Amino acid sequence: PGAWPGVVVARRFAGGHTHHDVALADGSRVTVDVPAHATGPATAPGAPVGVRLALGPVALVAARDARTVTLDAVAEPL
């Protein structure tokens with residue numbers, strides 16, 4: 001509940017984090033960073049997930065030629 005549905009399309013490890021690239025149902029893509037010490041099931045490519053903001057509402061303003069927005073988000077298995 002309260003999450004955007006998506007599918008993990010790629011996963012890579014970088015130091016103490018795992019980066020999950022997620023394709024959302026509306027066609028947009030987000031990257032969710034998960035600390036290595038986080039608990040919970042691993043989300044391999046192809047896994048359905050829900051993405052939600054971790055720290056509450058965030059105001060976004062469209063920028064010309066914007067390609068990436070970084071948010072504190074969580075990807076949870078569906």
Side-chain angles (χ1 to χ4, degrees):
W4 293 286
V7 175
V8 176
V9 293
R11 178 179 65 182
R12 61 193 181 284
F13 303 97
H17 291 261
T18 303
H19 304 281
H20 294 81
D21 293 326
V22 179
L24 299 178
D26 68 359
S28 59
R29 292 179 81 151
V30 296
T31 298
V32 179
D33 297 332
V34 180
H37 65 273
T39 59
T43 49
V49 294
V51 176
R52 66 176 174 79
L53 295 177
L55 297 175
V58 174
L60 297 178
V61 178
R64 186 175 194 172
D65 298 323
R67 298 282 187 259
T68 304
V69 174
T70 302
L71 301 172
D72 189 5
V74 177
E76 304 168 326
L78 291 180

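These numbers come from a predicted model, not from an experiment.
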| query | Which is it for Val22 and Val49 under the side chain to side chain contact (heavy atoms under 4.5 Å, CB included) test, yes or no, and what are the steps along the way? | reply | CA-CA 8 Å; Val22 179; Val49 294; 3.8 Å; yes
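Applying the side chain to side chain contact (heavy atoms under 4.5 Å, CB included) rule to Ala23 yields the partners Val9, Arg29; only residues at least two apart in sequence or on another chain are considered. Here His17 pairs with His19, Asp33, Pro35 under the side chain to side chain contact (heavy atoms under 4.5 Å, CB included) rule; sequence neighbours left out.
For the salt bridge (charged side-chain N to carboxylate O under 4.0 Å, His left out) condition, the pairs that include at least one residue of residues 14-27, sequence neighbours left out, are Arg12-Asp21.
Taking both residues in full, the closest heavy atoms of Ala10 and Pro45 are given as CA-CG, 4.2 Å, listed atom of the first, atom of the second, then distance. Across Thr18 and Phe13, no two heavy atoms sit closer than the pair OG1-CD2, 3.4 Å.
Residues Trp4 and Val8 share a hydrophobic cluster, clusters being chains of Ile/Leu/Val/Met/Phe/Trp/Tyr side chains in contact below 4.5 Å.
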